[in-house]
Trainee: 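Sending over a structure as structure tokens; questions will come in a sec.
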Amino acid sequence: MTSSVRIAAWNVNSLTVRLPHVIRWLQDQEKANAPIDALCLQELKLTDEKYPHRALEDAGYLSLAAGQKTYNGVAIILRKAALAPIASDIETAFLKPIRNIPGHIDEQQRILAATICFKGMQPMRIISAYFPNGQSPDSEKFQYKLSWLGALQAWLKDELAQNERLALLGDFNIAPSDDDVHDPKAWEGQNLVSPPERNAFQSLLNLGLVDSFRMFEQAPKTYSWWDYRMMGFRRNAGMRIDHILLSKALEKNCSYSKVDKQPRTWEQPSDHAPVIAQIQSN
DNA sequence: ATGGCGATATAGTATCGA
């Protein structure tokens, strides 16, 4: 029997507001016979005490979260039915958990990593990441973004040395190429597309990771984020800044990678759409 | 078109996101 898992990332822009969207989306994928087995969330904007563990467990999912008040916050949500029998609760489902980049002192909750044992699969290292926004290249926040990217790269090198099967998923706040930007002329040199950011993205690929989306033929002008303002979504004035990067061992088993625009059409949506990749067992 | 929308912390108006 060949089995497969689908892993996904979604910046929900407040889980307090978007919990119904998350549950609806997970259930829609189940009904479509393509259930999401690991969903990495970004921008929870809530503390760990307020994380809706109960509602997600009732829907059939186990969560590990790293939250904070008001800003940031990341989680990994696992479909219980997809887990190996030994992975039955939070402690056994999320092995070797790591919050934040080790050695990088930071109040902001942007990284959550864990090793997951799915049924019929080799263990997989999954990292939910919310990269800093950066604001603009001349701001202090941009310097923070670049130093954060440096720390991430150094840590990922270690993680890859220890975990052959690794996926980095989340909101990268970087559009890797002009094909990922609706209006590259207008955005040239700006935050999300500037050369230092794109170089940092390339440095991640140089560690041995691949942008799963670009492994496959894709419709042009496919994006993962659209500004709430100016009817960004209706005009498809977007950017592809949410990514799933795979190590070589996962790359060779990846059978598709896509963006699901559907939740962006719903009432009171997040400004991001989820991205999905499917990994075969071998 | 340098605002526009939306969430949060608040109680009229800030900050932040991308």
Side-chain angles (χ1 to χ4, degrees), chain A residues 9-22 40-52 65-75 106-111 128-149 152 169-201 211 213 221-243 259 261 263-275:
Chain A
W10 194 4
N11 179 326
V12 290
N13 185 18
S14 168
L15 185 58
T16 309
V17 175
R18 235 65 70 185
L19 178 63
H21 300 64
V22 170
C40 295
L41 296 183
Q42 294 81 42
E43 282 210 90
L44 305 180
K45 295 188 173 180
L46 47 72
T47 54
D48 290 346
E49 311 87 72
K50 292 190 173 161
Y51 188 91
Q68 67 180 90
K69 194 174 158 77
T70 312
Y71 300 119
N72 310 310
V74 286
D106 197 339
E107 300 295 306
Q108 304 184 30
Q109 300 299 311
R110 297 183 173 281
I111 287 285
S128 179
Y130 177 45
F131 289 37
N133 173 289
Q135 197 168 65
S136 81
D138 57 3
S139 68
E140 265 179 47
K141 287 183 180 135
F142 193 82
Q143 292 311 309
Y144 166 73
K145 183 177 194 172
L146 293 184
S147 78
W148 190 93
L149 285 163
L152 176 73
L169 309 82
D171 176 359
F172 285 53
N173 273 315
I174 301 172
S177 90
D178 283 353
D179 292 340
D180 305 309
V181 183
H182 74 281
D183 187 350
K185 268 261 160 55
W187 278 87
E188 193 177 355
Q190 297 205 52
N191 194 42
L192 311 182
V193 308
S194 73
E197 294 166 83
R198 285 183 170 171
N199 290 343
F201 187 88
D211 179 357
F213 186 80
K221 303 184 193 304
T222 299
Y223 307 125
S224 68
W225 168 84
W226 302 262
D227 202 309
Y228 284 123
R229 299 166 292 187
M230 305 264 318
M231 298 187 290
F233 185 65
R234 254 194 279 174
R235 295 188 299 126
N236 195 30
M239 298 222 203
R240 194 176 68 91
I241 54 177
D242 301 271
H243 308 297
V259 180
K261 282 165 72 170
R264 189 63 175 76
T265 69
W266 296 345
E267 284 296 306
Q268 202 180 8
S270 166
D271 43 357
H272 295 253
V275 295

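So that the names make sense, note that chain A is the first sequence line, chain B the second, and so on, each numbered from 1.
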Trainee: Using a heavy-atom cut-off of 4.0 Å across all strands, would you classify A/Asn173 as base, sugar-phosphate, or nothing?
Mentor: sugar-phosphate
Trainee: Roughly how many Å is it from CZ in A/Phe233 to P in B/dG6, rounded to a whole number?
Mentor: 14 Å
Trainee: Please report, rounded to the nearest Å, how far the P atom of B/dA7 is from the CG atom of A/Leu19.
Mentor: 14 Å
Trainee: Between A/Tyr144 (OH) and B/dC16 (P), how many Å, whole number?
Mentor: 13 Å
Trainee: By salt bridge (charged side-chain N to carboxylate O under 4.0 Å, His left out), which residues pair with A/Glu197, not counting sequence neighbours?
Mentor: A/Lys145
Trainee: What is the distance, rounded to the nearest whole Å, between atom CG of A/Asp227 and atom C1' of B/dA7?
Mentor: 14 Å
Trainee: In whole angstrom, what separates A/Met231's CE from B/dA1's P?
Mentor: 16 Å
Trainee: When the nearest nucleotide of DNA chain B is assigned to A/Gln190 and to A/Asn11 on a heavy-atom basis, which residue is associated with the more 5' position?
Mentor: A/Gln190
Trainee: For the pair made of NE2 in A/His21 and C1' in B/dG6, what is the distance, rounded to whole Å?
Mentor: 12 Å
Trainee: Would A/Arg110 pass as a cation-pi partner of A/Tyr130, given that its NZ or CZ must be under 6.0 Å from the six-membered ring centre and within 45 degrees of the axis?
Mentor: yes
Trainee: Which value, in whole Å, describes the distance between the C1' atoms of nucleotides B/dT2 and B/dG17?
Mentor: 16 Å
Trainee: Side-chain N or O of A/Lys45 less than 4.0 angstrom from OP1 or OP2 on B/dA9?
Mentor: no
Trainee: Determine the interatomic distance between C1' on B/dC16 and the same-named atom on B/dG3; round to the nearest Å.
Mentor: 16 Å
Trainee: Does B/dG17 have OP1 or OP2 under 4.0 Å away from a side-chain N or O of A/Arg229?
Mentor: no
Trainee: Between B/dT13 and B/dG4, how many Å separate the two P atoms, rounded to a whole number?
Mentor: 15 Å
Trainee: Give one of base, sugar-phosphate or nothing for A/Lys141, where a contact means two heavy atoms less than 4.0 Å apart.
Mentor: sugar-phosphate
Trainee: For the P atoms, the ones on B/dA14 and on B/dA1, what distance do you get once it is rounded to whole angstrom?
Mentor: 27 Å
Trainee: More than 12 non-hydrogen atoms from neighbouring residues, nucleotides or ligands closer than 6.0 Å to CD on A/Glu188, yes or no?
Mentor: no
Trainee: Would you mind telling me which of B/dC16, B/dG17, B/dA9 lies closest to the side-chain atoms of A/Lys69?
Mentor: B/dA9
Trainee: Quick one: sort the A/His272 and A/Trp225 rings into parallel, tilted or perpendicular, breaks at 30° and 60°.
Mentor: tilted
Trainee: Figure out the CE/P separation between A/Met230 and B/dG4, and round it to whole Å.
Mentor: 12 Å
Trainee: Base, sugar-phosphate or nothing for A/Tyr130? Non-hydrogen atoms, less than 4.0 Å.
Mentor: sugar-phosphate
Trainee: Rounded to whole angstroms, how far apart are NZ on A/Lys185 and P on B/dA1?
Mentor: 16 Å
Trainee: Tell me which nucleotide among B/dG4, B/dT8, B/dA7 gets nearest to the side chain of A/Thr70.
Mentor: B/dT8
Trainee: Determine the minimum heavy-atom distance between A/Trp10 and A/Val22, stating which atoms define it.
Mentor: CZ3-CA, 3.8 Å
Trainee: State which of B/dA1, B/dG17, B/dT8 makes the closest approach to the side chain of A/Val17.
Mentor: B/dT8
Trainee: Assign each of A/Trp187 and A/Arg18 to its nearest nucleotide of DNA chain B by heavy atoms, then name whichever residue's nucleotide is nearer the 5' end.
Mentor: A/Arg18
Trainee: Can you name the nearest heavy-atom pair linking A/Pro263 to A/Pro269, along with the distance?
Mentor: O-CB, 3.6 Å
Trainee: Between A/Gln268 and B/dA7, is there a side-chain N or O to OP1/OP2 distance below 4.0 Å?
Mentor: yes
